[in-house]
K.L.:
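Just dropping this structure here.
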Number of protein chains: 2
Amino acid sequence: MAGRVTIATVAHHARVSRQTVSNVINAPQLVRPETRERVRAAIEVLGYRVSQAARQMRTGRSRLIAVRIGPAGDGINGSVLDRFLHGLTEAAAPAGYRVVLYTATGDDAEIAAYEELLGAHDLDGFVLTGTHPGDARTDWLARRGVPFVTFGRNWEAQPEPVFGGGEHSPTQHSKAQPEPAFGGGEHSPTLNREAQPEAVLGGGEHPWVDVDGAWGTRAATERLLAAGHRRVGFIGWPPGSAVGEDRREGWAAALRAAGVDLSGLERRVDDRVAEGERAAVDLLGTVDLLGTAGPSALVCASDSLALGALRAATAHGTAPGGIASPRIAVIGFDDTPVAQAVGLTSVSQPLTEAAAGCVALLIRLLDGGDHDGDLDREGEGEGDSGGRRHLLLRPRLVVRDSG
Amino acid sequence: MAGRVTIATVAHHARVSRQTVSNVINAPQLVRPETRERVRAAIEVLGYRVSQAARQMRTGRSRLIAVRIGPAGDGINGSVLDRFLHGLTEAAAPAGYRVVLYTATGDDAEIAAYEELLGAHDLDGFVLTGTHPGDARTDWLARRGVPFVTFGRNWEAQPEPVFGGGEHSPTQHSKAQPEPAFGGGEHSPTLNREAQPEAVLGGGEHPWVDVDGAWGTRAATERLLAAGHRRVGFIGWPPGSAVGEDRREGWAAALRAAGVDLSGLERRVDDRVAEGERAAVDLLGTVDLLGTAGPSALVCASDSLALGALRAATAHGTAPGGIASPRIAVIGFDDTPVAQAVGLTSVSQPLTEAAAGCVALLIRLLDGGDHDGDLDREGEGEGDSGGRRHLLLRPRLVVRDSG
DNA sequence: ATCCGGTACTTGAACGATCCAATCGTGCCT
DNA sequence: AGGCACGATTGGATCGTTCAAGTACCGGAT
């Protein structure tokens, strides 16, 4: 009550002015080492913490970034989301940023939420998930000059698929340490913020992080091919979903590369277990006019579909009359707890790295706004997102019993 | 840039003083309706939003509440957590509060996080999850006089099991609308905050919200008994977990009430699918000295265990030699996506209501601090958390194929 | 001796809201 | 008419920080 520790308290204790204390915190290089240490000691002794509110009022920056948390199953869903959120929170903390949540149903409501968050709380930036073609949110934010990053690539601008890592081999660095850079100083030095955010977002494309779904389904398909399967089927979502098309494409590419004819190997259904089961039964029972049998393995666009397929496969394998026919392999997507529970092989998204990538890109926009010069240095081993505005991460195939 | 809309802008536009505008926002009853409307119109026209930073600096209140998001599977996990988070965010918004996330591994690290959050961001309150006996966090917060609510009852003080709803019958209101109260005014009227938080937490017990696990397992067990099963087994966690003991107790109580002997019907294992399967195989194969067969149905402390049990049950049901023995029923706990996917009957926690309850209790601490008088009125049909400091919610049994 | 550039630090003035005490009607009662 | 109470409104001070400008000092070139 009586003794809130302010910057003035510290200043008095260290026998310097307030501004010098401020400099020790925000621009240490301006202060003589001797003085600096004296001030730091005072801060330590008194247990001083800068008041974010006061700082924010002066600078207009809140050091808060916002993420939407949908009701459920929107874009990235279920337990996928909370791993992502955890990754965000953990990556943001060392840079002095915190994550606040907001909800909204539909793009319009979300834009209203932006108004509120920006107006009242001076939010510094946004992380969007579940982007889709024709997304009103990205346009709105870009037009307003609000810094943001999307988890999910920009589906508008198709070209320029930039890869995060180096080589294209199936071996992958499991832990890529996306941003070892920002551990250094406590805060970035004071900069003359000229408030020209539209310059930051120049170039027409916003920064994004995404997981290469096609690579995942391709890896899954190739694994099945390598195991001797030829006719590898695919159960995906109805056309129209960009993510869905991406995942399908990986499967198709792998089969084309192996010279397998795709016809009759594919079903497109809604993302539910029962639908997946029906589609699988349908596919597995197929015998075309030439007597070619149905697929002997299935790649699915989600774990839900895969779970359905797995049921159908089990039934199919034992049904004929006692003699177990060769087992139908199934591979899912997202490595949800369901997959872990039932032993389903699945493509796992590197969510922690994706989250760290989002934070790194966003913080670059926020703290390093106008350092265009710095972007010139190329891949000095600094970490994945070296000077990039986009980051396409490779998923990982988690192999279990099912394929 | 040039024209940020401040309270002075609005005042000028509406031809009143700043204070009047402030009163319209914070204590509308002090302002003549005519003036009030004029000011509101000006706010609307100009798109004015109060600057939280400025308000916070003056009042010391940030209108931010914090929730920890653990790495995974800690206390409440997976998709359970993000439903809870969504509920919190949604319930907090109409009262003008926002949810910020933080991470910490272990109680000590979490306490360090409190220091930081309180010192720098002036956080108003905390929602803790996964409380356990001897929790250092609650002590620390209580000693500091920081408002907080736990999701998870206070395991220290065993007595006083207060029920949220009314009657104790198995029928339940599916949607209980936990807090229809706070939709009214935009903000609470200005109060003389005397900053005596220790008074708020007087009485030795902190507010909490919890789900009545025993009620859930009891309902599950009773359902199985009603379906004709007599020997209903239980697969739970090793002794030591308060939540685990609670869930076990519901099963035990139901069997005792039905006059069934519990011996040999129970296994206690770690919370993994394989362990659940092993335990179920073990239980189902049991034939004791008197020739009594093993259980014909299983209640489990989690969906993981139940999934294992379900596998064992399927195998058990078909193994003997062709003739399918009567199906073994299995019921899980938490209604995770896994349960939904495999058709497992499971006890579902009312997470949205729990979250709303947490927010309601916390906001009562924050906004209504010293209204001790108000607590006297008893259950006036105000909604669940009428004047209560504790809220024990009933779970719901979601019936699917498995039992 | 004067001027200069730079470093190290200090001082006054904002940021935008709320709180406090004082003021200004306005109606009502005696 | 005067006094009083009450409701509505006002100006000034304040929260803790950063920004912009200013002071003091020192070594070296003019």
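Below, read A as the first sequence line, B as the second, and so on, with proteins coming before strands; counting in each chain starts at 1. Hydrogens, waters and symmetry mates are skipped; everything else that's a heavy atom, side chains included, is used. Computed from a predicted model, the values in this text were never measured in an experiment.
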K.L.:
Sequence neighbours left out, what passes side chain to side chain contact (heavy atoms under 4.5 Å, CB included) with L30(B)? Give chain and number order.
P.N.:
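N23(B), A27(B).
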K.L.:
As an exercise, state the distance from CG of D124(A) to OG1 of T59(A), rounded to the nearest 0.5 Å.
P.N.:
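Taking CG in D124(A) and OG1 in T59(A), the distance rounds to 8.0 Å.
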K.L.:
Using whole Å, report how far CG of N26(A) lies from P of dT18(D).
P.N.:
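Between P of dT18(D) and CG of N26(A): 5 Å.
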K.L.:
Write down the distance between CZ (R55(B)) and C1' (dG16(C)), rounded to a whole number of angstrom.
P.N.:
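Rounded to the whole Å, the gap is 11 Å.
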K.L.:
Output the rounded distance in Å from CD1 (I25(B)) to P (dA17(C)).
P.N.:
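In whole Å, dA17(C) P lies 8 Å from I25(B) CD1.
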K.L.:
Could you check which residues of residues 31-38 of chain A get a heavy atom under 4.0 Å from DNA chain C? Sort them by number, please.
P.N.:
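Close to the strand are V31(A), R32(A), T35(A).
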K.L.:
Please confirm whether the backbone N or O of R68(A) pairs with a side-chain atom of E110(A), one donor and one acceptor, at under 3.5 Å?
P.N.:
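No.
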K.L.:
Calculate the interatomic distance between H121(B) atom NE2 and dG16(D) atom P; express it in whole Å.
P.N.:
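The answer, rounded to whole Å, is 17 Å.
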K.L.:
When you measure from the side chain of R40(B) to the backbone N and O of T35(B), does any donor-acceptor pair fall under 3.5 Å?
P.N.:
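No.
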K.L.:
How long is the gap from CG on L64(A) to CZ on R98(B), to the nearest 0.5 Å?
P.N.:
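It comes to 10.0 Å.
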K.L.:
Base, sugar-phosphate, or nothing for S17(B), non-hydrogen atoms under 4.0 angstrom?
P.N.:
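If one applies the 4.0 Å heavy-atom cut-off, S17(B) turns out to touch a base.
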K.L.:
Measure the distance from CG on N23(A) to P on dT18(D) and round it to the nearest whole Å.
P.N.:
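That distance rounds to 9 Å.
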K.L.:
For the helix from dA1(C)-dT30(D) to dT30(C)-dA1(D), figure out the bend between the end axes, five pairs an end, and round to 10 degrees.
P.N.:
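Between the axes fitted at each end of the helix from dA1(C)-dT30(D) to dT30(C)-dA1(D) lies an angle of 70°.
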K.L.:
Quick check for you: to the nearest 0.5 Å, what is the distance between L128(B) atom CG and T150(B) atom OG1?
P.N.:
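If I round to the nearest 0.5 Å, the distance is 6.5 Å.
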K.L.:
Nearest 0.5 Å please: distance from the CD atom of Q56(A) over to the CZ atom of R61(A).
P.N.:
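CZ of R61(A) is found 10.5 Å from CD of Q56(A).
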K.L.:
Step by step, work out the ring pair (Phe, Tyr, Trp, His ring centres under 6.0 Å) result for W208(B) and F151(B).
P.N.:
CA-CA 6 Å; W208(B) 51 253; F151(B) 180 37; over 10 Å; no
K.L.:
Whole-Å distance between dA17(C) C1' and I43(B) CD1?
P.N.:
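It is 13 Å, rounded to the nearest whole Å.
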K.L.:
With sequence neighbours left out, which residue pairs that include part of residues 11-33 of chain A fulfil the salt bridge (charged side-chain N to carboxylate O under 4.0 Å, His left out) condition?
P.N.:
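Sorted result for residues 11-33 of chain A: R32(A)-E34(A).
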K.L.:
How close do R137(B) and T129(B) get, counting heavy atoms only, and between which atoms?
P.N.:
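Reported closest heavy-atom pair: NH2-O, 3.3 Å.
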K.L.:
So, taking the atom named CD in Q52(A) and the one named CG in L123(B), what distance separates them when rounded to the nearest 0.5 Å?
P.N.:
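Between Q52(A) CD and L123(B) CG, I get 11.0 Å after rounding to 0.5 Å.
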K.L.:
CG of L101(A) to CD1 of I65(B): how many Å apart, nearest 0.5 Å?
P.N.:
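These two atoms lie 10.0 Å from each other.
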K.L.:
Just how far, in rounded Å, is C1' of dT17(D) from CZ of R63(A)?
P.N.:
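Distance check: R63(A) CZ to dT17(D) C1' gives 14 Å.
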K.L.:
How many Å lie between CD on Q29(B) and P on dC6(D), as a whole number?
P.N.:
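It works out to 17 Å between those atoms.
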K.L.:
If you restrict it to nitrogen or oxygen atoms, what contacts under 3.5 Å exist between nucleotides 12-15 of chain C and the protein, and what is each distance?
P.N.:
unit_1, atom_1, unit_2, atom_2, d
dG12(C), N7, R18(A), NH2, 3.1
dG12(C), O6, R18(A), NH2, 3.0
dA14(C), N3, R58(A), NH1, 3.1

K.L.:
Grab the N/O contacts between the protein and nucleotides 22-27 of chain D below 3.5 Å, and write none if there aren't any.
P.N.:
none

K.L.:
Name the closest nucleotide to the T20(B) side chain, picking from dT18(C), dC9(C), dT10(D).
P.N.:
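Taking heavy atoms from C-beta onward, the closest nucleotide is dT10(D).
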K.L.:
Mind checking whether F148(B) and T138(B) have side chains closer than 4.5 Å, heavy atoms only?
P.N.:
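Yes; the side chains approach each other to less than 4.5 Å.
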K.L.:
Measure the acute angle between the ring planes of Y102(B) and F126(B), then classify it against the limits of 30° and 60° as parallel, tilted or perpendicular.
P.N.:
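Geometry flag for F126(B) against Y102(B): perpendicular rings.
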